[in-house]
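One-based numbering, in listed order, for ligands and for the atoms of each. Along the sequence shown, residues are numbered consecutively beginning with 1.
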Amino acid sequence: MSETQVEEVEKDDLYKVRHSLAHVLAQAVLEIRPGSTLGFGPPISDGFYYDFILSEPLTEEDFPALMQKMKKIIKKGQRFDREDLSAADGLSRIGEMGEPYKMEYGAELIEKNNLETLSFYRNGPFLDMCEGPHVHTTKDIPRDAFKLRSVAGAYWRGNSDNVMMTRIYAWAFLDKETLDAHVSAYEEAQARDHKKLGRELGIYTIDNDIGKGLPLWLPNGTIIRDELENLAKELEFKAGYSRVATPHLAKESLYHTTGHLPYYAEDMYPPMELLESALDDESDEGGSGERLVKESYRLRPMNCPHHHKVFSAEPRSYRDLPIRLAEYGQVYRFEDSGAVSGLVRVRGMCMNDAHIYCTKEQIKDEFKAVMAMYQEAYGILGLDKFHVRLSKWDPEDPKGKEKFVDNPQAWRDSEQVLEEVLNELAIDYQVGLGEGAFYGPKIDIQFSTVTGREESVSTVQLDFAVPGRMGLKYVGSDGEEHTPFCIHRAPFSTHERMVAFLIEHFAGAFPTWLAPIQVQLLTVSEQYDDYANEIVARLRNQMVRAELAPSNDTLPKKIRQGATRKIPNLLIIGEREVADGTVTLRRYGHQQQQTFAMADFEHRLVDAIKRRLPEVDAD
Ligand SMILES: [Zn+2]
Ligand SMILES: [Zn+2]
């Protein structure tokens, strides 16, 4: 039983096994929940599911019993027998089965496709309207290569006007090794999921009264944002960038000049229309009552046009170039409400943006410097597994003239420069034909995540078109006006994307410099709180985020709570520590403890934070 919207899966052995297992599951469910009725039960990319209206609820606690029943059925070697009935007989058969949802679907199939027959499969006592194919007998199903996964609610045929059914998901493969590998990768990804950890660690929240895709950063998440921002500011300062600050919105007409409108309209929030009376209070007195739109504003979907205007705010000479303008700029994109999710697909995001304005001759050195900054930044974060793609235009693309600025010479020239940059830096790369931005080629940085996903985190783009459209000029050494090139870059991407990525990368256990709480003091008994509080004050004076563990809990409980919050450094304080002026360090994920003179530990800690080391050096 499958409907067309279900992912197309090859009808190979694996498909047959998954399909057959769906029948086995349904048979087992009907045994433990007699009187339940059936929805769809198709194979999916890693297993199968089946939808039910259950006579009595079922939870994951019933899985062991259900699995046992399924294994028993498999052992019986029930044969899958096909029977084709005329449309009329088929429908009356479904009537006998007492399956109203199958009846609805069967009748629709006959009507839509002009079917003359309906096919049924029987295995043992279980009968299902189904097209197959299946394995020959249930004995052909590997007994140790499937596992029930979860129970979820699902509307009949995916329509929220319909009844809510209970969907049971299962993994299924051809051998146990593949199943085990799949299950452990899934569990690892679940444990690292940024939505789960984002909630548990107090990093962000989404509130319906604020709006979909508009995350609120909680105190712990704000610390992580600030630390990333500090790092970016330092790297940019050293590389000769200037910081600017620009508003979140602009007149709509600006985006017509840049070329974002009308093409990009779907991705932007709708216009905010300023009416005549709102602009000029007197004009509406005794007027016709009809208020005209005087100006429309848009929330900005990118920072570039604002930065371009900063560039053109003053006359520029070739001697001023390159000019590098940086801003952690807030932008808004109207993501489809179905696509909005966690921190990864949002409608409001803050971007580690900068635009470098330079002459043609400077492009290469600027690009090299940007790539060096990317490597340094990712090195600090311990993200060494990235690969690089050079994204070009596609001159053969029939729609190329809509997707890309029509200037073949400029494309060839700028692609060549980027190729030279990558070759001279000995950076391996792949080519993405037709993946360029509309205004020029780009270098995309893609990471393999810890759980094996590929993720595009960041890009560097060369823009040979928009500065011209916006009339940006500088006076060259020849005394003539020229249009600068623009490099768009954002090594830390957006806070939203980067923090989501880092939560999953570190599984929430951030290195000391990034951690919301860097040090927590745990006293063996309340009588040592004074000493511990002195240490907290001393560390906070050094801008270290230190706190005393609250509560009268026992030490083991305090240690467990520190671990749950993934605090990188726990300092245990007891009688000996107070007497000797020491602290005993227990680092996150380590069992062994080590005692330091307080001054020594303080030095190591401050040094690790300043140098952004992965952890405090305890050798
Ligand atoms: Zn089937
Ligand atoms: Zn830009």
**Report entry** Tyr269 six-ring centre to Arg333 NZ/CZ under 6.0 Å and within 45° of normal
**Finding:** no

**Report entry** Cation-pi, Phe52 ring and Arg33 (6.0 angstrom, 45 degrees)
**Finding:** no

Query raised in the report: Which value, rounded to 10°, describes the NE2(His134)-the Zn ion (ligand 1)-NE2(His19) angle?
Result: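 It rounds to 110°.
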
Query raised in the report: How wide is the angle at the Zn ion (ligand 1) between SG in Cys130 and NE2 in His23, to the nearest 10°?
Result: 120°

Report task. Count up the protein N, O or S atoms sitting under 2.8 Å from the Zn ion (ligand 2), would you? Result ->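 For the Zn ion (ligand 2), protein nitrogen, oxygen or sulfur atoms under 2.8 Å: 3.
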
**Report entry** Plane angle bin for His488 and Tyr439 - parallel if under 30°, tilted between 30 and 60°, otherwise perpendicular
**Finding:** parallel

Query raised in the report: With under 30° as parallel and over 60° as perpendicular, where do the rings of Phe80 and His134 fit, or are they tilted in between?
Result: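 Answer is parallel, since the angle falls under 30°.
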
Query raised in the report: Is there a side-chain contact between Asp51 and Trp156 (heavy atoms, below 4.5 Å)?
Result: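 A side-chain contact under 4.5 Å is absent here.
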
Report task. For His495, check side chain to side chain donor-acceptor pair (under 3.5 Å) against everything at least two apart and list the hits. Result -> Glu229

Query - Pair Val499-Leu228, side chain to side chain contact (heavy atoms under 4.5 Å, CB included): steps then yes or no - result: CA-CA 9 Å; Val499 172; Leu228 289 173; 3.9 Å; yes

